[in-house]
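All values below come from the heavy atoms of this structure, side chains included, with hydrogens, waters and symmetry mates left out.
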Amino acid sequence: MKRKHVSRWICYANRQPWKGAQKIGYLAVLLFLCSAARVFAQSEVTQYAENDISTLHRTRSYLFGDWDGKRSELASRGINFDFFYVADLLANPVGGIRQTEAGWGRIRGTVDIDFGKLSDWNGLTFHATGLWQFGGNLGNDIGTLANPSGLVSAHTTRLDSFWLQQAFLHNRLFIRAGQFAGLDFYGNQEYGASYLIEPLDYALGNLFSTTYESFDPAATPAAQIQVFPWRTLYVKSAVLAGNRNPYQQDPTGFNFKIRNTPVFVYEVGFTHDEEDLARQASHWDRKTYPGIYKFGAAYNGGKFPNAAGIQSNGNYLIYGMANQALFRSDAGSNRGLDGTIGFDWSPGDVNRENSQITAGVRFNGPIPSRLQDGVAFGFIYTKIGDPFQSVGVPLGMPLLGSEKAIELNYAAQLKPYLLFQPVFQYYWDVGANSHIPDAAVLGFRVKVNF
């Protein structure tokens with residue numbers, strides 16, 4: 001997800017071009033998926049009568065089906081698996097430091113266990129997830145602050161997170177311990193699945209560079225407590241290992257390394273019309289407008305350098321986010337308009353990217369016959385702290401300022417297990433540098449649930 005800050009005035013000659021082998025690899029994966037879909041679909045269809053074929057295609061949620069009923073059987077016992085492939089294939093035909101293309105792929109597996117169903121240990125759950133990811137970093141190549149892809153970080157095969165969580169007091173108190181990413185739960189975007197660009201797709205983009213709050217998939221050892229004083233209000237806090245170079249300090253995710261100074265994160269949130277924000281499934285007799293509003297902070301007591309390289313103790317960031325359903329076309333449906341806005345701020349004398357604003361709207365089910373599709377528009381503003389605006393800038397050239405970016409995409413749910421999401425992005429003042437030409441990014445995301 002993150003990258004080292006580099007001067008936006010320098011075009012690095014040693015950046016790696018897109019390699020033909022990577023292109024072939026992506027095409028091979030897509031061809032395999034298409035052929036596998038046909039094979040598995042044919043094998044499942046033989047188990048059904050001819051008049052049940054249409055029902056099968058409507059209900060099959062995964063490319064490889066229900067494993068002859070084993071998947072549903074395991075779910076009924078509290079064991080759920082998720083296995084998917086997702087890739088962003090993007091290019092910038094104009095603008096930026098240079099014009100190029102890049103793709104980033106990720107294969108992730110997840111298991112969740114509810115011990116209440118498995119062994120009558122009520123309130124105890126287990127979660128673990130790992131991945132293999134690979135590809136090129138388009139944002140680094142063209143010089144943006146907000147990466148065009150929220151998937152990008154480092155090439156790795158890694159155990160991302162694992163934890164045990166116990167609920168107490170009739171699900172009003174939750175205690176979690178293990179290894180997880182702070183950005184998965186603090187500063188994360190509720191509508192992230194609707195976007196590709198990093199600060200809207202995943203989480204506010206400057207939390208790691210400011211406080212070293214851990215990110216997916218470079219999760220670190222952590223513990224969290226969450227309290228629900230009443231149904232619509234929660235308060236939570238966590239302590240995270242603030243590993244400053246997590247991929248090097250724990251390359252595989254199995255070493256449970258605690259390095260550098262810890263990060264403390266806090267968040268309070270309010271919800272109303274309490275439902276899944278992605279699918280409004282209850283209250284069939286009326287229109288509902290679910291929303292969540294949250295405010296949080298991250299703090300690291302370690303040493304941080306200012307623009308002059310002088311170190312001081314402590315650094316922090318505060319943020320606020322609002323996500324709200326604005327319009328619903330029908331009772332008991334999520335078809336309609338949602339809005340989101342977020343901001344963060346950190347001291348400008350210590351942090352290079354000291355403030356960011358994200359905003360967006362999405363329309364669920366824009367076409368009446370395609371209720372699972374969505375169209376989304378987003379905006380991102382990233383500001384350089386005042387003391388850093390002249391760092392690395394040649395004499396006589398304009399100072400750094402802020403980068404502005406927009407995204408427009410359409411998410412087409414071609415099958416319950418297959419998403420195709422074409423996207424257009426445009427950047428003004430790339431890298432907060434008015435000297436770099438504005439950049440356009442085109443491409444698409446594809447996701448397959450196995």
Side-chain angles (χ1 to χ4, degrees), residues 86 88 146 148-151 183-205 231-234 267-296 319-344 356-381 404-414 416 419-426 444-445 447 449:
V86 60
D88 289 346
S149 170
L151 302 177
L183 266 66
D184 284 356
F185 308 100
Y186 297 84
N188 60 302
Q189 295 283 359
E190 297 293 333
Y191 297 161
S194 298
Y195 297 94
L196 276 71
I197 195 167
E198 179 189 33
L200 279 168
D201 170 65
Y202 179 39
L204 294 167
R231 185 174 57 88
T232 59
L233 179 70
Y234 70 83
E267 185 176 287
V268 56
F270 169 76
T271 65
H272 68 91
D273 272 346
E274 188 176 9
E275 301 172 50
D276 184 344
L277 293 174
R279 59 173 73 180
Q280 192 171 316
S282 60
H283 302 294
W284 296 102
D285 59 338
R286 67 180 179 89
K287 296 180 182 180
T288 54
Y289 299 86
I292 179 168
Y293 301 81
K294 52 189 182 181
F295 301 89
Y319 64 86
M321 309 177 84
N323 306 271
Q324 179 61 55
L326 304 174
F327 166 75
R328 289 293 179 260
S329 62
D330 303 293
S333 169
N334 78 327
R335 183 167 184 256
L337 186 68
D338 298 329
T340 180
I341 188 168
F343 77 93
D344 69 28
Q356 189 168 79
I357 297 173
T358 64
V361 291
R362 68 178 186 182
F363 198 97
N364 309 307
I367 303 173
S369 62
R370 300 193 57 84
L371 296 180
Q372 300 304 312
D373 290 1
V375 59
F377 175 82
F379 169 78
I380 297 167
Y381 170 89
K404 285 74 66 178
I406 60 170
E407 172 176 309
L408 178 65
N409 73 71
Y410 186 93
Q413 197 70 50
L414 303 180
L419 173 74
F420 179 72
Q421 193 171 11
V423 64
F424 169 76
Q425 300 168 350
Y426 198 84
F444 63 90
R445 169 173 290 179
K447 182 178 181 181
N449 284 309

**OP:** Please check if the side chain of Ser149 supplies one atom and the backbone of Leu151 the other of a donor-acceptor pair under 3.5 Å.
**Re:** yes
Subject >> Side-chain (Asn364) to main-chain (Asn334) donor-acceptor, under 3.5 angstrom >> reply: yes
Original post:
From Asn409 CG over to Leu200 CG, what is the distance, rounded to the nearest 0.5 angstrom?
Top reply: 10.0 Å
Subject >> Non-neighbouring partners of Lys447 that pass salt bridge (charged side-chain N to carboxylate O under 4.0 Å, His left out), sequence neighbours left out >> reply: none
Original post:
If every non-hydrogen atom of Gly269 is compared with every non-hydrogen atom of Leu233, which pair is closest and at what distance?
Top reply: O-CD1, 3.3 Å
**OP:** Please test Glu407 against Asp201 for side-chain contact (heavy atoms from CB on, under 4.5 Å), starting from the C-alpha separation and ending with a verdict.
**Re:** CA-CA 11 Å; Glu407 172 176 309; Asp201 170 65; over 6 Å; no
Original post:
Just by distance, do the side chain of Gln421 and the backbone of Ser194 share a donor-acceptor pair under 3.5 Å?
Top reply: yes
Subject >> Interatomic distance, Glu198 atom CD to Leu204 atom CG [nearest 0.5 angstrom] >> reply: 10.0 Å
Original post:
Are Phe270 and Thr232 side-chain neighbours, meaning at least one heavy-atom pair lies under 4.5 Å?
Top reply: yes
Subject >> Pairing residues for Asp344 by the side-chain hydrogen bond (donor to acceptor under 3.5 Å, both in side chains) criterion, not counting sequence neighbours >> reply: Asn206
Subject >> Asn188 versus Ala203, closest heavy-atom pair with distance >> reply: CA-CB, 3.8 Å
Subject >> Validation row: Thr288, Arg328 side chains within 4.5 angstrom (heavy atoms) >> reply: no
Original post:
Which pair of non-hydrogen atoms, one from Ile197 and one from Ala405, has the smallest distance, and what is that distance?
Top reply: CD1-CB, 4.0 Å
Original post:
CZ/Phe379 to CD1/Ile406 distance, rounded to the nearest 0.5 angstrom?
Top reply: 9.0 Å
Original post:
Quick one: CZ on Phe327 to CG on Asp338, what's the gap to the nearest 0.5 Å?
Top reply: 11.5 Å
**OP:** Take the angle between the ring planes of Tyr293 and His272 and call it parallel below 30°, perpendicular above 60°, tilted in between.
**Re:** parallel
Subject >> Atom of Ile367, atom of Arg335 and distance for their closest heavy-atom approach >> reply: C-NH2, 4.4 Å
Original post:
For the atom pair OH (Tyr195) and CZ (Arg362), what is the distance rounded to the nearest 0.5 Å?
Top reply: 7.5 Å
Subject >> Exercise: identify the closest heavy-atom pair between Leu183 and Tyr202 >> reply: CB-OH, 3.4 Å
Subject >> Test item: Tyr186 and Lys294 side chains (from C-beta on) under 4.5 Å apart, heavy atoms >> reply: no
Original post:
Considering all heavy atoms of both residues, which atom of Gln189 and which atom of Thr358 are nearest to each other, and what is their separation?
Top reply: NE2-OG1, 3.2 Å
**OP:** Kindly say whether Ile380 contributes a backbone atom to a donor-acceptor pair with the side chain of Gln356 at under 3.5 angstrom?
**Re:** no
Original post:
What distance do Gln413 atom CD and Gln372 atom CD have between them, rounded to the nearest 0.5 Å?
Top reply: 6.5 Å
